[in-house]
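Keep in mind that what you see is a predicted model, and the values were worked out from it rather than measured.
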Amino acid sequence: MTGCKILITGQEVAKQAKKKDNQILIGFSMDTLREERWQKDKAIFEQKVKELGGDVKTLSANGDDNLQLSQAEQLISQGVDVLVVNPHNSKTTAAIVNKAHKEGIPVIAYDRLIMNADVDLYVTFDNVKVGELQAKAVVDHMAKESKGNMVYLGGADTDNNAKLFREGAMKVLKAEESKGKIKIVYDQYTKDWKPEEAMKNMENALTANKNNVQGVVAANDGVAGGAIQALSAQGLVGKVPVSGQDADLAACQRIAEGKQTMTVYKPIKSIASKAAELAVALAKGEKIEVKNKVHNGKINVPSVFLEPVVVTKDNLVQTVIRDGFHRMEEVYKNVPKDQWPK
């Protein structure tokens, strides 16, 4: 993923975008706002752009590919200087990049890579590492057992990130399986990241293995929540380690209660603020220095990687609470107060 330094400018990637006045206008095309995590991205991104003297027009497609395309066309027609896209479908959103470039508008892929298109910038966390962290946490938690059956519950197969999370997780899981320490007994993506689909998959995994499951690597907190519902019905909550991602409030509460083993915290302030800074810089035609690149099937996309953080019961206070991502009272509301960390 790493390579030599790449210098890009707004002028180099696209002609000057249309302007109605001197204020920079950034378009933000989002897959969804249904999950708490994305609501935080939107708020922080918009605030940062405004701090930098620009304005933002945000539209959310709620997981609808066609709607995301039409909304992006709407933003393009409004003359945005830069279009930031958080894609629902990493492949079909290539059409958005093509349409934006025809109007001289640079495109930044936000958190998820857009495939097979001349994307100008990609801002994300190291998603292969995310998967590695998830799998390692679950495996380490299972270390007391000599062997165990592992279930992998991925994200949406339309999301390139889901494939990267799985790639990272399988690096760890396959290595453990080759040593005879675990056996991967179920491996399934989760349609549209829906918790109810994850619950069905987990139910199927439990049925197929007669509840003989010792670990679950779930690709995000929504998937983890669905898995935990299925485990709860069988009296296995807290007995089977379950990973997650995004540090959703419900997941952090489950961690505090001992129902979920870990989540991967991707500091939203970091990615949203960085994307906002880059979008405004591109709009101004400033030079941007990027050290990394990722091939998306067509080009090596200049990329900015941010570091993910493992959150467990031991460091909830030092991570999500200290950062102000969640409040102590929210995270521990279902835990007796005399058991709260000092």
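- Not a single donor-acceptor pair under 3.5 Å links the side chain of N127 to the backbone N or O of V130.
- Residues passing the side-chain hydrogen bond (donor to acceptor under 3.5 Å, both in side chains) test with E73, sequence neighbours excluded: K99.
- Annotation: side-chain hydrogen bond (donor to acceptor under 3.5 Å, both in side chains) contacts of D187 (sequence neighbours excluded): R166.
- K171 is linked by a side chain to side chain contact (heavy atoms under 4.5 Å, CB included) to V128, E132, E167, counting only residues two or more places apart in sequence or in another chain.
- Put simply, the side chain of N201 reaches to within 4.5 Å of the side chain of Y186, judged on heavy atoms.
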Acceptor/donor pairs from residues 202-209 side chains to any protein atom, 3.5 angstrom cut, sequence neighbours excluded:
unit_1	atom_1	unit_2	atom_2	d
N204	ND2	K200	O	3.4
T207	OG1	E203	O	2.9
N209	ND2	A205	O	2.8

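- Nearest heavy atom pair, residue P87 against residue I114, reads CG-CG1, 3.9 Å.
- Residues L113 and T124 have side chains not in contact (no heavy-atom distance under 4.5 Å, counting atoms from C-beta outward).
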>> salt bridge (Lys or Arg N to Asp or Glu O under 4.0 Å), that's the test. Do R254 and E257 meet it? Break it down for me.
In response: CA-CA 5 Å; R254 291 193 296 264; E257 296 165 41; over 6 Å; no
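- Other residues sharing the hydrophobic cluster of Y265, ordered by chain and number and joined by side-chain separations under 4.5 Å: I44, L249, I255, I268, V309, V311, L316, V317, V320, I321, F325, M328, V331, Y332, V335, W340.
- When D221, N220, T312 are each tested for a side-chain hydrogen bond (donor to acceptor under 3.5 Å, both in side chains) with T263, only one passes: D221.
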> Run the side-chain contact (heavy atoms from CB on, under 4.5 Å) check on V304 and N292 step by step: do they pass?
Replying inline: CA-CA 6 Å; V304 175; N292 301 305; over 6 Å; no
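- Residues passing the side chain to side chain contact (heavy atoms under 4.5 Å, CB included) test with A135 are A169, V172, L173, V217, sequence neighbours excluded.
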>> side-chain contact (heavy atoms from CB on, under 4.5 Å) for D41 and Y110? Distances and angles first, verdict last.
In response: CA-CA 10 Å; D41 287 76; Y110 184 90; 2.5 Å; yes
What side-chain donor-acceptor pairs closer than 3.5 Å can you find for residues 225-248, not counting sequence neighbours?
unit_1	atom_1	unit_2	atom_2	d
Q234	OE1	N211	ND2	3.0
K239	NZ	G235	O	3.4
S243	OG	A218	N	2.8
S243	OG	A218	O	3.0
Q245	OE1	K266	NZ	2.9
Q245	NE2	A219	O	2.7
D246	OD1	R37	NH1	3.4

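- Nearest heavy-atom pair across P106 and G104 is CD-O, 3.6 Å.
- For the side-chain hydrogen bond (donor to acceptor under 3.5 Å, both in side chains) test, no residue two or more places apart in sequence or in another chain qualifies with D157.
- L153 has its side chain within reach of V216: a pair of non-hydrogen atoms, C-beta onward, lies under 4.5 Å apart.
- Contact annotation: the side chain of M142 approaches that of M150 to within less than 4.5 Å [non-hydrogen atoms, C-beta and beyond].
- Counting heavy atoms of neighbouring residues, nucleotides and ligands inside a 6.0 Å radius, atom NZ of K40 exceeds 12 of them.
- Annotation: side chain of L83 is in contact with side chain of V85 (closest heavy-atom distance under 4.5 Å).
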Which atom pairs, one a donor and one an acceptor, fall under 3.5 Å between side chains of residues 24-32 and the rest of the protein, sequence neighbours left out?
unit_1	atom_1	unit_2	atom_2	d
S29	OG	Q68	NE2	3.2
D31	OD1	G63	N	3.3
D31	OD2	R112	NH1	2.7
T32	OG1	R34	N	3.0

Could you give the side-chain donor-acceptor pairs of residues 49-62 under 3.5 Å, partners two or more places apart or in another chain?
unit_1	atom_1	unit_2	atom_2	d
E51	OE2	Q47	NE2	3.3
T58	OG1	E46	OE2	2.7
S60	OG	L33	N	3.3

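- For Q339, there are no side-chain hydrogen bond (donor to acceptor under 3.5 Å, both in side chains) partners, not counting sequence neighbours.
- Shown here are the salt bridge (Lys or Arg N to Asp or Glu O under 4.0 Å) partners of K183, two or more places apart in sequence or in another chain: there are none.
- Considering every non-hydrogen atom in both A156 and A162, the closest pair reads O-CB, 3.2 Å.
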